[in-house]
Amino acid sequence: MSVLEKVQSPKDIKKLDNAELEELCSDIRQLLIETVSENGGHLASNLGVVELTVALHKVFSSPTDQIVFDVGHQCYTHKILTGRKDKFSTLRKEGGISGFTRPVESEHDIFSSGHSSVAVSQALGLAKAKKLKGEKGKVIAVIGDGALTGGLAYEAFNSASNDSSNLIVIVNDNNMSISQNVGSMSKHLTTIRTSKRYFTFKSRVQRVFARVPKIGKYVNRFITAVNGRIRRKVYKSATFFEDLGFRYYGPIDGHNLDSLISALNAAKAHTHSVLIHVNTVKGKGYEPAEKDPTQFHGIGKFNVATGEAVSGSDSFSSVFGDTMCSLAEKDSRICCVTAAMAEGTGLSKFAKLYPKRFFDVGIAEQHAVTFSSGLARNGLVPVFAVYSTFLQRSYDQLIHDVAMQNLKVIFGIDRAGFVGEDGESHQGLFDVSYLNTVPNLTVYSPSCYEELSLMFGQAVYHDNGAVAVRYPRGKEAQMPEDYHYDKSAFTVFGDLNSKNCIITYGREFAECYAAYAQLEDSFLIKLNRIKPIDKSVLEAISGAENVFFYEESIKTGSVGEVLAEMLEEKGIHLNYKHIAVNNEFVKQASVESQLKTYKMDRNSIINEVSNV
């Protein structure tokens, strides 16, 4: 029996010796590689935190001790160790376990996760609540160095203080160095400071001096001050965290279980807030992932032997990247901005060709938008490439710093609509509704690659003010034969005198067209520009008896609701059916399944229109 087979809950880990823990880590890595190769997911980051997660569950007692994973995409080992090992084959599948932490799955998952830089804020709140209620247990935030490029993390650090004695922050440093190389002396001192003997000795000395009349407390203060100065000299980067009230330990080898367990035990025994700086290797233990951690950060199915992805490379994201390169070649004003997502948004090629016009601001979407407004104000044409789910984080900046200034900032909104297996936190279903509230903003929604390229050209050279072009994840669907985008606000298919009208936009057009082709007495309107809606659309549909509006969006505030209001204002009364997501969070499943679930697939459309 393998060691992994013996582990059914975190309690079982505490019984294992060091040799068994090492074997457990090896077993987990093998399971991670095998599962993600079949289901897709975040591999490199999870391979990098195997030892850290095992050490956490060795030292702490979840859920009394609460572990909060920032973003949550690195929680796979945590799931395996907390009773979900037998379900791990269902990772990211419909009805299976999520690729992120989800409290509905387990009491060991504290928050539903998916977005970056939030863990320290969450952990601080948890720690304060525990303290106020007199509850036992530490609160541990595991946050990556990449997440420290997000401002929210620093707001939380600024809010934290010495009196949060049950708070521990672990900075998982696997790529971008957040500190200078402090050398072997620092590592040696860290080993001493995290030893049990050191803590026992230090406590005894402090207690002895505390008993000395009059001068005892002053001696302790003097020793503490001198100790702090020495640490600042040796642990140069620790100064920032210590000034905020944290005790700093690091750097710790994140793949050395002895070092990790010692540091965590020291933090557990501490009476102050503690920050542990851990160095790890993304993709650890799987050569292809170690060589190319970016490719294996979030990956679909792949061949374990070669590391090669199963699916092809062309997608809306790659076409967006090529389009930006083409525009930039002819126009020196074009520049691109990303929030640590160059690869995911298709901008890697642009970054190499036009490095001076490429800006990766880190995981800081708010800053990205306001920074873009500055570029625009001084005559450049910035294009901010961002996933729909992450643009949510910069709604205020979109309104105040871009739209209210009436600046030409272009938003390339990737992963719009259903995104599939990434689940609730990543669905691109909210951007349409909140973009509809923003004045001075034009929004396009292409259905194919050709439209995407042409719409970005329109955004740069024809539209005033801010423009958003939103497009789905993955590849384009089949378009009608001989169809070409003519840059019109909408396109009509069929006879306007027909009884039934189907309206849609974006990826959903492919499903609606396939249904329309099989329906009688029906016509189809494809919206190319979804904000503002061209008023001629009202005239086009006014003669129909029944209108069916299909869109991959939350209903409230959506394009379908805006159109319904326009019809009401014009006094056009007809049977109007709006098919969208009814204000709920969409769970993980394939996009194909999600379309069926919400009755947006071609067969559901045929049934709906036929049975009116």
Side-chain angles (χ1 to χ4, degrees), residues 71-73 92 94 98-100 102 104 112-116 298 315-317 339 341 344-345 365 384-395 398 411-438 441 443-447 452 468-475 477 503-512 527 529-531 533 548-564 577-601 604-605:
V71 185
H73 64 302
R92 303 178 77 247
E94 185 172 4
S98 171
F100 299 89
R102 295 287 184 263
V104 295
S112 284
S113 59
H115 287 188
S116 178
S315 64
F316 277 96
S317 301
M341 296 294 289
T345 58
E365 292 84 3
F384 176 33
V386 59
Y387 288 7
S388 170
T389 184
F390 300 137
L391 182 60
Q392 296 164 187
R393 312 185 81 180
S394 49
Y395 178 61
L398 175 58
F411 297 86
I413 306 178
D414 203 335
R415 269 67 166 177
F418 294 123
V419 299
E421 292 81 1
D422 281 338
E424 299 97 317
S425 58
H426 281 59
Q427 306 292 354
L429 299 171
F430 299 95
D431 64 274
V432 167
S433 294
Y434 65 75
L435 292 176
N436 266 330
T437 68
V438 181
L441 175 67
V443 184
Y444 293 99
S445 190
S447 302
L452 180 144
V469 182
R470 58 184 310 275
Y471 41 94
R473 181 181 193 175
K475 301 177 181 296
I503 308 179
T504 192
Y505 60 87
R507 172 173 54 193
E508 181 60 13
F509 168 70
E511 298 296 322
C512 287
L527 299 180
R529 190 185 70 210
I530 60 175
K531 181 183 185 298
I533 299 174
F548 303 86
F549 198 107
Y550 289 88
E551 61 179 323
E552 294 178 46
S553 171
I554 289 291
K555 272 189 178 181
T556 303
S558 63
V559 180
E561 280 206 350
V562 172
L563 182 61
K577 184 73 179 286
H578 184 198
I579 299 90
V581 177
N582 193 26
N583 301 331
E584 62 188 86
F585 293 105
V586 175
K587 298 185 182 298
Q588 67 197 46
S590 66
V591 171
E592 181 183 11
S593 178
Q594 288 166 344
L595 290 172
K596 288 180 180 178
T597 298
Y598 292 93
K599 301 188 183 305
M600 298 184 198
D601 64 296
S604 297
I605 297 168

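Note that the coordinates shown come from a computational prediction; the quantities given were computed from them, not determined experimentally. If you read the sequence from its start, that first residue is 1, and numbering goes on from there.
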Heavy-atom check, side chain of R507 versus side chain of F418, under 4.5 Å: yes

For a quick check under 3.5 Å, do T345 and D414 share a side-chain donor-acceptor pair by atom type? no

Separation of Q392 CD from H115 NE2 (nearest 0.5 Å): 5.5 Å

Is the backbone N or O of F585 less than 3.5 Å from a side-chain atom of Q427, with the two atoms forming a donor-acceptor pair by type? no

For residues K577 and F549, determine if any side-chain heavy atom of one lies less than 4.5 Å from a side-chain heavy atom of the other. no

dist Y550:OH -> E511:CD (nearest 0.5 Å) comes out at 11.0 Å

Quick one: do S425 and H73 satisfy side-chain contact (heavy atoms from CB on, under 4.5 Å)? Show the steps, please. CA-CA 11 Å; S425 58; H73 64 302; over 6 Å; no

Here the gap from T437 atom OG1 to L398 atom CG, rounded to the nearest 0.5 Å, amounts to 8.0 Å

Walk me through it: do Y598 and V586 pass the test side-chain contact (heavy atoms from CB on, under 4.5 Å)? CA-CA 10 Å; Y598 292 93; V586 175; 3.6 Å; yes

How long is the gap from CZ on F548 to NZ on K599, to the nearest 0.5 Å? 14.0 Å

Counting only heavy atoms not in K587, do more than 12 sit closer than 6.0 Å to its NZ atom? no

Work out which heavy atom in S388 is nearest to a heavy atom in A416; give both atom names and the distance. CB-CA, 4.2 Å

Between R415 and D422, is the closest basic N to carboxylate O distance under 4.0 Å? no

Can you list everything that forms a side chain to side chain contact (heavy atoms under 4.5 Å, CB included) with E592? Sequence neighbours excluded, please. S590, K596

Counting C-beta onward and ignoring hydrogens, is there a side-chain heavy-atom pair between V432 and Y505 closer than 4.5 Å? yes

Member of E508, E551, R529, R470 meeting the side-chain contact (heavy atoms from CB on, under 4.5 Å) criterion with S445: R470

Do F411 and L435 have side-chain heavy atoms sitting under 4.5 Å apart? no

Go through the steps for I554 and S558 under the test side-chain contact (heavy atoms from CB on, under 4.5 Å), then give the verdict. CA-CA 7 Å; I554 289 291; S558 63; over 6 Å; no

Side chain proximity check, F390 to H426, heavy atoms < 4.5 angstrom: yes

d(S553 OG, E561 CD) to nearest 0.5 Å is 9.0 Å

So, for Y395 and V438, which heavy atoms are closest and what is the spacing to 0.1 Å? CE1-CG2, 4.1 Å

Are the side chains of I579 and M600 in contact, using a 4.5 Å heavy-atom criterion? yes

Closest non-hydrogen contact found for L527 with I530 is CB-CG2, 4.1 Å

Evaluate the criterion side-chain contact (heavy atoms from CB on, under 4.5 Å) for residue pair L595 and E552; output intermediate values, then yes/no. CA-CA 8 Å; L595 290 172; E552 294 178 46; 4.1 Å; yes

Test your reading of the model: is there a side-chain donor-acceptor pair from S315 to the backbone of G474, 3.5 Å cut-off? no

Which value, rounded to the nearest 0.5 Å, describes the distance between K475 atom NZ and F316 atom CZ? 11.0 Å

